[in-house]
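Here is the structure we will look at.
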Number of protein chains: 2
Amino acid sequence: MAPTQQVKRRATNQGAAVKEALAAEDTFRSAQDVYATLRANGEKIGLSTVYRHLQIFVADGLADVIHKPDGESTYRLCGDASTTHHHHLVCRTCGKAVEIEGPAVETWADKVAAQNGFTDVNHTVEIFGLCAACAA
Amino acid sequence: MAPTQQVKRRATNQGAAVKEALAAEDTFRSAQDVYATLRANGEKIGLSTVYRHLQIFVADGLADVIHKPDGESTYRLCGDASTTHHHHLVCRTCGKAVEIEGPAVETWADKVAAQNGFTDVNHTVEIFGLCAACAA
DNA sequence: GTCTTATTGGGAATCGTTCCCATTATGGCA
DNA sequence: TGCCATAATGGGAACGATTCCCAATAAGAC
């Protein structure tokens with residue numbers, strides 16, 4: 001995948017606020033959640049705007065998305081666009097996430113896909129569980 | 001995970017119809033899709049019922065679910081409850097799915113989780129791509 | 001400072017899914 | 001074989017997340 005070419009964007013308070021909100025935690029958070037937090041902090045921002053920025057972050061490779069089994073999308077900042085491709089070990093309860101790498105998985109996925117004649121492949125690998133804190 | 005203990009269920013036409021609809025294809029299909037197909041075939045069934053049965057199949061281990069990146073849930077019959085744990089290589093366009101196994105992935109997932117103090121672990125591994133037919 | 005235009009945000013609209021509940025029909029039993 | 005208790009059904013309302021629309025606002029270039 002070619003390094004995402006970033007379009008010219010205007011710097012706005014709202015954009016910064018959303019990024020900060022994400023940066024403040026190492027957990028995957030939903031748009032609604034981020035929105036609520038920002039409003040609670042007295043930030044003046046609309047829900048649409050939160051969604052917009054989250055999507056921009058993902059498009060720019062600044063954030064990762066995880067679609068929870070219940071269908072909700074959660075976001076988390078993940079280094080910059082140059083960060084290596086990785087996956088996550090996510091706590092089902094608190095959303096805390098650990099970045100993990102599995103080179104073997106990558107090659108396995110590509111091989112399997114190729115063997116079956118599939119092209120333009122990508123994959124999702126997420127491990128869900130209970131973190132030590134939440135297990136107590 | 002203990003083999004799902006199946007509760008007593010009544011056999012109904014609708015239940016059978018949903019199962020047949022799924023059995024007719026080796027692709028992951030959405031509830032809405034299955035519903036539309038059944039209605040098109042003149043089947044008398046409600047949307048709620050389709051959802052209900054799909055969920056039952058999943059609970060009974062008869063079907064697998066995949067949450068598409070766009071949030072829609074898709075279902076597919078996958079042998080019976082005794083079938084080995086497996087994953088899927090899914091065509092992004094037509095939904096055609098190939099069952100794949102990756103023993104290495106399983107052990108890797110468990111190991112990584114354990115190393116980070118996570119318990120009660122499960123994982124999602126889905127490979128999306130374009131099948132040979134759709135690539136043309 | 002002014003002007004162009006990207007950005008914003010609030011509310012309506014969408015979409016998938018779940019819920020509610022009166023009606024229907026299955027399966028056990030007499 | 002008929003009856004009954006109750007599981008299953010289905011249609012529409014309710015829901016929650018997300019997207020859309022568009023007039024008002026504000027960033028940044030000159």
Anything under 3.5 Å between a donor and an acceptor, one on a side chain of residues 31-40 of chain A, the other on a protein residue two or more places apart or in another chain? List them.
residue: Q32(A); atom: NE2; partner: Y51(A); partner atom: OH; Å: 3.2
residue: D33(A); atom: OD2; partner: R29(A); partner atom: NE; Å: 3.2
residue: T37(A); atom: OG1; partner: R29(A); partner atom: NH2; Å: 2.6
residue: T37(A); atom: OG1; partner: D33(A); partner atom: O; Å: 2.9
residue: R39(A); atom: NH1; partner: I45(A); partner atom: O; Å: 2.3

Task: Shortest non-hydrogen contact between L130(B) and A135(B), atoms and distance - done: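 The pair with the smallest heavy-atom distance is CD2-CA, 4.3 Å.
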Open item on the list: Looking at every non-hydrogen atom in both residues, tell me the closest pair between F118(B) and V90(A) and how far apart they are.
Closed with: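 Looking at all heavy atoms of both residues, the shortest contact is CE2-C, 3.7 Å.
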Task: Gap between atom CG of L22(A) and atom CZ of F57(A) - 0.5 Å precision - done: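 Separation between the atoms: 6.5 Å.
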- [ ] Nearest 0.5 Å please: distance from the CD atom of Q115(B) over to the CG atom of D110(B).
- [x]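 Between Q115(B) CD and D110(B) CG, I get 11.0 Å after rounding to 0.5 Å.
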TODO: Compute the angle between the rotation axes at the two ends of the helix from dG1(C)-dC30(D) to dA30(C)-dT1(D), each taken over five pairs, rounded to 10 degrees.
DONE: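 The two end axes of the helix from dG1(C)-dC30(D) to dA30(C)-dT1(D) meet at 30°.
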- [ ] Return the residues of residues 36-45 of chain B meeting this criterion: a heavy atom under 4.0 Å from some atom of DNA chain D. Order them by number, or give none.
- [x]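 R39(B), K44(B), I45(B) - these, ordered by number, are the residues of the stretch whose heavy atoms sit under 4.0 Å from the strand.
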Separation of [N] [atom2] from [X] [atom1] (nearest whole Å):
| X | N | atom1 | atom2 | answer |
| --- | --- | --- | --- | --- |
| L47(B) | dG12(D) | CG | P | 12 Å |
| H53(B) | dA8(D) | NE2 | P | 8 Å |
| R9(B) | dA8(D) | CZ | P | 7 Å |
| Y51(A) | dT18(D) | OH | C1' | 5 Å |
| Q55(A) | dA17(D) | CD | P | 16 Å |

Open item on the list: Base, sugar-phosphate or nothing for Q14(A)? Non-hydrogen atoms, less than 4.0 Å.
Closed with: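 Sugar-phosphate, no base atom in range.
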Open item on the list: Using a 4.0 Å heavy-atom cut-off, does H67(B) contact any base of the nucleic acid, only the sugar-phosphate backbone, or nothing at all?
Closed with: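 H67(B): no heavy atom of the nucleic acid under 4.0 Å.
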- [ ] Taking side-chain contact (heavy atoms from CB on, under 4.5 Å) as the test, write out the residues that go with N122(B), two or more places apart.
- [x]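 In terms of side-chain contact (heavy atoms from CB on, under 4.5 Å), with neighbours along the sequence ignored, N122(B) is linked to R92(A), F128(A).
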Task: Residues that E101(B) engages under side-chain contact (heavy atoms from CB on, under 4.5 Å), provided they are two or more places apart - done: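 Per chain and number, E101(B) pairs via side-chain contact (heavy atoms from CB on, under 4.5 Å) with T84(B), H86(B).
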Pairs of donor and acceptor atoms involving the side chains of residues 11-19 of chain B, under 3.5 Å and at least two apart or interchain, shall be tabulated with distances.
residue: T12(B); atom: OG1; partner: G15(B); partner atom: N; Å: 3.1

TODO: Could you tell me whether the side chain of I127(A) reaches within less than 4.5 Å of the side chain of V121(B), counting heavy atoms only?
DONE: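 They are in side-chain contact.
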Task: All pairs passing ring pair (Phe, Tyr, Trp, His ring centres under 6.0 Å) where residues 12-34 of chain B contributes a residue, at least two apart - done: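 Qualifying pairs, neighbours excluded: F28(B)-H88(B).
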Partner residues of [X] under the side chain to side chain donor-acceptor pair (under 3.5 Å) criterion, sequence neighbours left out:
| X | result |
| --- | --- |
| E106(A) | H85(A), H87(A), H123(A) |
| S73(A) | H67(A) |
| T49(B) | R52(B) |

Open item on the list: Is S30(A) close enough to dA17(D) that one of its side-chain N or O atoms is under 4.0 Å from OP1 or OP2 there?
Closed with: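 Result: no.
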Open item on the list: Taking any atom closer than 4.0 angstrom to a non-hydrogen atom of chain B, what span of DNA chain C does the protein reach, first nucleotide to last?
Closed with: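 Contacts span dG16(C) to dG28(C), reading 5' to 3'.
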Show each protein N/O and nucleotides 25-27 of chain D N/O combination with a separation under 3.5 Å, one pair to a line.
residue: dA27(D); atom: N3; partner: R10(A); partner atom: NH1; Å: 3.3

